[in-house]
Amino acid sequence: MVAINDDTCLRYPIGTRITIGAYSGTVRYIGEVCGYKGIWMGIEWDDPTRGKHNGVVSGKRYFYTMHPTAGSFIRSDKLGPFESLETAARERYLVDSAKSLDQQLIREAQESLQASLFEVVGLEKLARKQSKFEQLTEISVAGSPVDSAGYLIEFTALATLNLSHTLIWNWQTIADICRQVSTLENLNLSCNRFAAPTDSQIAELSSAFDNLQLINLRNCDFTDWFEIMQTARLWPHVTSIGLQENPINDISIVNTSDVFKNLRELDLHRTKITDFGQICKLGNLEALVSLNLMENGIKEVKLPDCEPNTKLDMFISLEQLNLLYNPIRNETDAFNELDKLPRLKRLNKTPHLKSNFGKMLVKAVGLISGLEMVNRAEISTEERRGAEYDIWKKYALDWLQASKLQETLKEFYKKHRSYALLIRKYDSPVDFVPRANRKVCNLIKIRILNEKTGEMWEKKFPRMISVQTLLGLLIKRFHLDCLTMTPELCYSDSRNPELVVPLDNLSKTLDFYSLQENDIVQVNY
């Protein structure tokens, strides 16, 4: 082979990120190609449709690619330009503040930053009010060919930096930026490709990231959890990490003495982690408060077993869990499992195809003790009482049958963890469940209270009377003017007066709402 007599290897080390037009790729090989003159660069393209092969030409392998058509060879003179962060920032913020931020860039940045952990930089606002480096607190050079730091000492107030979809590929460059900008706390590195740091590089560079709090690594093509853990040793003090849209399948237990000790927010949405058992391996993250698992294809939520009256000693700080757009098959089982988490307060989940938000809310609130918010909607006291009472009624007969034997009762509480708490709150459902040998009367005696006048009316009504028919009778009985008022009905349980259930579905019957003898229906207007 002819000796390589140009400086291509020095200018573009293996791993270098490059662009040609709208396509980005990574240098995987530099040298001769059999049958072709000169020096060639073997590129693995981010978009596999840009390539032609997998690094094999005429039966000889020159490099490897993850996709069978992601590789091709190019000449170095075809490469696009490179620039430093300093240069890119000057061009976008200092040259002409009126023209420095084009609308296309803004739209691209807004579309690319989908993670809940990171907000889009206020580009338009910055262009209007900031014109000097020392005043800049937020900078975005997303989509620019930045591959080096440059001179950044003037960035004395910079806290948030967006370096997504640039040409930075090694952690030495990121460390250089962080050392020069000691105020930097939030760093977005989405859509880049990085070489994993070696142990010696970690020892050399980690001190540069001491002030970093949030880091976004969305769509950086991480496939190996070990590589993520190795990289995370560079920034052990971060509190928020975005790993969304990386093709991760498996997770290993985290050594929190090295990484993630202070981690409060973790975004794993749109990964390939479909097994909730893998998620359980993160249970030793003691500081973790928020976990995003949206759109991961999770079909079942399963946590380790524990006694029905206890909580798990894992995810001890987790308060918020996002399960939106996962095809979870059984909501009831999933919520019963989530009740094992000691501090879960906020849950995001898409209702089952055969369900709706209202039905899902009842299950979630009734089955997960301590839940305060579902899909960003705060749970009111009335909603909590109604949901808990619905669950109490729904499983009353099952509980009664299971209570005949200690073994079957224990199994019941395993499948319905919150039910013991509901019994303590609303008493035993023994009297609620009709006896098999007792004839159930079709009429039920209830008391009607006019809240405005205090008048009480006691009368027997058919169990199958609709709420709408009952409302019509009460309008006539209390001489209500429907033109100037809108009467609303609710009822309180005779055994639990503090429990008030709205009769808000006019087509449903009294039997549907499980009204019992001597319950009080309240008329409000």
Side-chain angles (χ1 to χ4, degrees), residues 10-11 13 15-17 80-102 105-106 109 113 118-192 194-195 197 200-217 231-241:
L10 298 176
R11 293 170 57 195
T16 298
R17 297 284 291 164
F82 297 88
E83 63 182 350
S84 67
L85 171 58
E86 176 195 7
T87 301
R90 288 187 184 279
E91 291 176 351
R92 296 197 179 196
Y93 292 90
L94 301 185
V95 175
D96 184 347
S97 62
K99 299 180 179 179
S100 59
L101 300 174
D102 63 89
L105 172 62
I106 293 172
L113 299 181
F118 300 88
E119 296 182 357
V120 176
V121 173
L123 302 179
E124 304 95 326
K125 177 182 67 177
L126 291 175
R128 290 195 303 270
K129 67 182 291 188
Q130 298 181 330
S131 60
K132 295 182 179 179
F133 276 2
E134 61 268 23
Q135 295 176 338
L136 291 170
T137 59
E138 300 176 339
I139 283 181
S140 173
V141 292
S144 65
V146 170
D147 71 334
S148 60
Y151 184 78
L152 306 174
I153 300 301
E154 296 178 55
F155 290 84
T156 56
L158 185 61
T160 300
L161 177 59
N162 184 352
L163 289 171
S164 62
H165 212 287
T166 59
L167 298 181
I168 295 177
W169 61 278
N170 64 68
W171 290 98
Q172 291 92 329
T173 301
I174 302 297
D176 187 10
I177 293 171
C178 291
R179 282 201 176 100
Q180 294 191 62
V181 187
S182 60
T183 55
L184 189 60
E185 295 181 350
N186 306 341
L187 183 59
N188 186 350
L189 298 174
S190 300
C191 305
N192 291 307
F194 293 98
S200 60
Q201 289 174 336
I202 291 171
E204 175 189 351
L205 303 176
S206 61
S207 61
F209 302 97
D210 284 348
N211 295 328
L212 199 62
Q213 296 296 309
L214 292 88
I215 186 165
N216 190 352
L217 294 168
T231 304
R233 291 171 58 196
L234 286 168
W235 14 267
H237 307 300
V238 296
T239 60
S240 183
I241 297 177

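A salt bridge (charged side-chain N to carboxylate O under 4.0 Å, His left out) check over residues 153-167, counting only residues at least two apart or in different chains, returns the pairs Arg90-Glu154. Pairs of residues two or more places apart, or lying in two chains, never qualify as salt bridge (charged side-chain N to carboxylate O under 4.0 Å, His left out) while including a residue from residues 157-172. Applying the salt bridge (charged side-chain N to carboxylate O under 4.0 Å, His left out) test to every pair with at least one member in residues 158-173, sequence neighbours left out, gives no pairs at all.
In this structure, the side chains of Asn211 and Leu184 stay at 4.5 Å or more apart for every pair of heavy atoms. For the pair Thr160/Thr137, no side-chain contact is recorded, criterion being any heavy-atom separation below 4.5 Å from C-beta on. In this structure, the side chains of Leu152 and Leu158 stay at 4.5 Å or more apart for every pair of heavy atoms. Between Leu217 and Phe194, some side-chain heavy-atom pair lies under the 4.5 Å cut-off.
Contact record, Leu167 with Asn192: N-OD1, 4.4 Å, taken as the closest heavy-atom pair. Between Tyr151 and Glu86, the shortest heavy-atom contact is N-OE1, 2.9 Å. Residues Arg179 and Glu204 come closest through the heavy atom pair NH2-O, 2.9 Å. In terms of heavy-atom proximity, Ala203 sits nearest to Ser206 at O-OG, 4.2 Å.
Every residue two or more places apart in sequence or in another chain that forms a salt bridge (charged side-chain N to carboxylate O under 4.0 Å, His left out) with Arg11 is listed here: Asp7. Annotation: side-chain hydrogen bond (donor to acceptor under 3.5 Å, both in side chains) contacts of Ser144 (sequence neighbours excluded): none. Looking at residues two or more places apart in sequence or on another chain, you find no side-chain hydrogen bond (donor to acceptor under 3.5 Å, both in side chains) involving Thr239. Residues that satisfy the side-chain contact (heavy atoms from CB on, under 4.5 Å) test with Asp210, not counting sequence neighbours, are Ser207, His237. For Thr231, there are no side-chain hydrogen bond (donor to acceptor under 3.5 Å, both in side chains) partners two or more places apart in sequence or in a different chain. The side-chain contact (heavy atoms from CB on, under 4.5 Å) test applied to Thr156 returns Glu134, not counting sequence neighbours.
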For residues 168-178, which side-chain donor-acceptor pairs fall under 3.5 Å, sequence neighbours excluded?
from: Asn170; atom 1: OD1; to: Gln172; atom 2: N; distance (Å): 3.2
from: Asn170; atom 1: OD1; to: Thr173; atom 2: N; distance (Å): 2.9
from: Asn170; atom 1: OD1; to: Thr173; atom 2: OG1; distance (Å): 3.0
from: Asp176; atom 1: OD1; to: Gln180; atom 2: NE2; distance (Å): 3.0

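Atoms CG and CG, from Leu161 and Asn188 in turn, are 8.5 Å apart once rounded to the nearest 0.5 Å. Atom OG of Ser182 sits about 12.5 Å away from atom CG of Leu212, to the nearest 0.5 Å. Separating the CG atom in Leu189 from the OG1 atom in Thr166 is a distance of 7.5 Å, to the nearest 0.5 Å. One finds the CZ atom of Arg233 at 13.5 Å from the CZ atom of Phe209 (value rounded to the nearest 0.5 Å).
Remark: side-chain polar atoms of Tyr93 are paired, donor with acceptor, to backbone N or O of Ser140 under 3.5 angstrom.
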